[in-house]
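Notes follow once the structure below has been shown.
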Amino acid sequence: MPSLKDLKNRIDSVRSTQKITKAMQMVAAAKLRRAQEAAEAARPYAERMGKVLAALGAVYDGQENAPVLLGGTGKDQVHLLVVATGERGLAGGFNSSIARLARDHAQKLIAQGKTVKFLTVGRKGHDILRRQYPELIVDTFNFREVKQVGFTQAQQVADKVLELFAAGEFDVATLFFAKFGSVISQVPTAHQLIPAKLEKVEAEGDVNTPAVPYEYEPSEEAIVEDLLPRNISVQVLRALLENSASFYGAQMSAMDNATRNAGEMINKLQLSYNRQRQAQITKELIEIISGAEAL
């Protein structure tokens with residue numbers, strides 16, 4: 001049984017930890033609002049970019065001269081998995097859930113005889129994946145010193161992806177990140193970057209009104225050629241912003257749980273301390289009374 005001094009030291013230690021987790025929870029809550037606003041603001045732009053490309057890309061339906069970023073290389077052998085995670089931990093299962101989704105996808109591809117390569121964005125994802133696939137990681141990006149990720153960081157990642165693609169290093173690129181839902185909901189998501197996976201869009205307007213044809217200047221082909229690389233940067237930016245909001249939400253939830261657990265542990269230790277102290281006082285009283293009776 002631990003002594004009263006040991007119990008007192010443990011209570012003080014847990015209280016110190018509780019103060020740290022409470023402070024981290026408050027910091028995460030303060031940063032979450034700004035990160036959430038940035039993520040939500042990026043969604044309409046990214047979605048609209050996809051719709052514009054889908055409408056313009058329709059001119060290439062069934063054609064062999066489609067841009068390579070849209071139509072692909074014609075092969076499906078080498079896959080690049082761009083795994084975006086956080087730079088720090090203490091966020092519950094946030095980082096591991098993204099890495100797990102990418103790892104499961106990689107295992108399926110390897111089982112099919114495909115070649116897999118990893119491009120990691122964030123130190124935690126790199127640390128997780130290098131334990132199992134150290135030789136498959138072609139490059140990594142670390143934005144630990146960046147206070148708020150933005151288009152500059154997204155452009156760096158997109159440029160590297162395009163550079164690898166131009167060098168013939170892969171056929172298909174898939175981006176992995178966590179989509180922000182709420183403080184307790186961050187959904188690991190996979191989004192194909194190359195070849196661009198564009199959803200078909202229906203004509204806007206009244207169903208009884210024929211769609212108005214648009215005239216493009218320069219040509220539709222020239223616009224598509226310009227937008228496709230930019231779309232990769234936009235999708236990466238969206239993923240980074242979603243990740244940032246998801247990280248702070250997960251960290252806020254994790255630190256709240258840690259603070260609660262610390263409180264419960266303090267109560268249990270305090271109860272043990274009080275009982276042991278009471279037993280010690282009772283023992284001393286019995287010794288005093290027995291000594292007085294002996295006199």
Side-chain angles (χ1 to χ4, degrees), residues 1-36 39 83-101 103 120-132 134 140 142-149 177-178 180-188 240 242-289:
M1 180 180 293
S3 64
L4 285 174
K5 184 178 180 181
D6 291 338
L7 285 172
K8 188 71 170 65
N9 289 338
R10 288 183 64 185
I11 290 172
D12 291 341
S13 175
V14 176
R15 277 194 178 134
S16 297
T17 302
Q18 186 184 40
K19 289 179 181 178
I20 294 173
T21 57
K22 183 64 176 178
M24 291 184 67
Q25 178 190 352
M26 295 175 67
V27 170
K31 292 183 176 180
L32 172 61
R33 182 177 178 182
R34 180 181 297 178
Q36 182 178 352
V83 185
T85 58
E87 300 289 351
R88 297 173 177 81
L90 298 177
F94 167 74
N95 293 307
S96 59
S97 62
I98 301 172
R100 188 184 308 113
L101 179 63
R103 190 169 56 236
T120 59
V121 183
R123 185 172 61 88
K124 284 300 178 179
H126 179 263
D127 291 344
I128 294 172
L129 292 172
R130 74 175 178 180
R131 299 187 195 121
Q132 189 172 355
T140 184
N142 188 329
F143 299 130
R144 188 180 180 86
E145 304 303 324
V146 179
K147 291 184 178 180
Q148 179 66 43
V149 293
F177 62 99
F180 178 78
S182 66
V183 173
I184 59 174
S185 174
Q186 301 87 35
V187 184
L240 294 181
E242 293 279 354
N243 258 8
S244 180
S246 296
F247 171 79
Y248 289 123
Q251 187 176 70
M252 180 180 170
S253 180
M255 291 301 100
D256 179 58
N257 291 334
T259 302
R260 293 173 186 269
N261 291 338
E264 293 176 2
M265 185 176 293
I266 290 172
N267 292 337
K268 291 179 180 178
L269 290 172
Q270 190 68 54
L271 183 60
S272 298
Y273 177 86
N274 292 340
R275 285 176 176 173
Q276 191 167 334
R277 186 166 180 271
Q278 185 177 10
Q280 183 176 339
I281 293 173
T282 302
K283 180 181 178 182
E284 291 174 355
L285 287 174
I286 292 174
E287 290 175 352
I288 293 172
I289 292 172

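Basis for what follows: all heavy atoms, side chains included, without hydrogens, waters or symmetry-related copies. One-based numbering along the sequence shown.
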Between the main-chain N or O of [Y] and the side-chain N or O of [X], is there a donor-acceptor pair closer than 3.5 Å?
X	Y	value
Ser185	Ser182	no
Asn243	Ala178	yes
Ser253	Ala250	no
Asn95	Glu87	no
Ser13	Asn9	no

As an exercise, state the distance from [atom1] of [X] to [atom2] of [Y], rounded to the nearest 0.5 Å.
X	Y	atom1	atom2	value
Lys8	Asp12	NZ	CG	4.0 Å
Asn142	Arg123	CG	CZ	7.0 Å
Lys22	Met26	NZ	CE	6.5 Å
Met252	Asn257	CE	CG	11.0 Å
Thr140	Arg130	OG1	CZ	9.5 Å
Ile20	Met24	CD1	CE	9.0 Å

Closest approach of [X] to [Y] (non-hydrogen atoms, all atoms of both residues):
X	Y	answer
Phe143	Val121	CE1-CG1, 3.8 Å
Glu242	Phe180	OE1-N, 2.8 Å
Gln251	Gly89	NE2-O, 3.6 Å
Leu129	Ala99	CD2-O, 4.2 Å
Leu90	Ala254	O-CB, 4.2 Å
Phe94	Ser246	CE1-CB, 3.5 Å

Side-chain contact test, heavy atoms from C-beta onward, threshold under 4.5 Å: evaluate it for [X] versus [Y] and give yes or no.
X	Y	value
Leu271	Asn267	no
Met265	Asn261	no
Val27	Met255	no

Original post:
Listed by chain and number, what are the side chain to side chain donor-acceptor pair (under 3.5 Å) partners of Asn274, not counting sequence neighbours?
Top reply: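 Side chain to side chain donor-acceptor pair (under 3.5 Å) check on Asn274 returns Gln270.
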Original post:
With sequence neighbours excluded, what pairs up with Gln276 under the side chain to side chain donor-acceptor pair (under 3.5 Å) test?
Top reply: none
Original post:
Does a side-chain N-to-carboxylate-O contact under 4.0 Å join Arg10 and Asp6?
Top reply: no
**OP:** Apply side-chain contact (heavy atoms from CB on, under 4.5 Å) to Ala35 and list each qualifying residue two or more places apart in sequence or on a separate chain.
**Re:** Ser244, Ala245, Tyr248
Original post:
Does the pair Thr85 and Thr120 meet the rule for a side chain to side chain contact (heavy atoms under 4.5 Å, CB included), with working shown?
Top reply: CA-CA 8 Å; Thr85 58; Thr120 59; over 6 Å; no
Original post:
Should we count CD1 of Ile184 as having more than 12 external heavy atoms under 6.0 Å?
Top reply: no
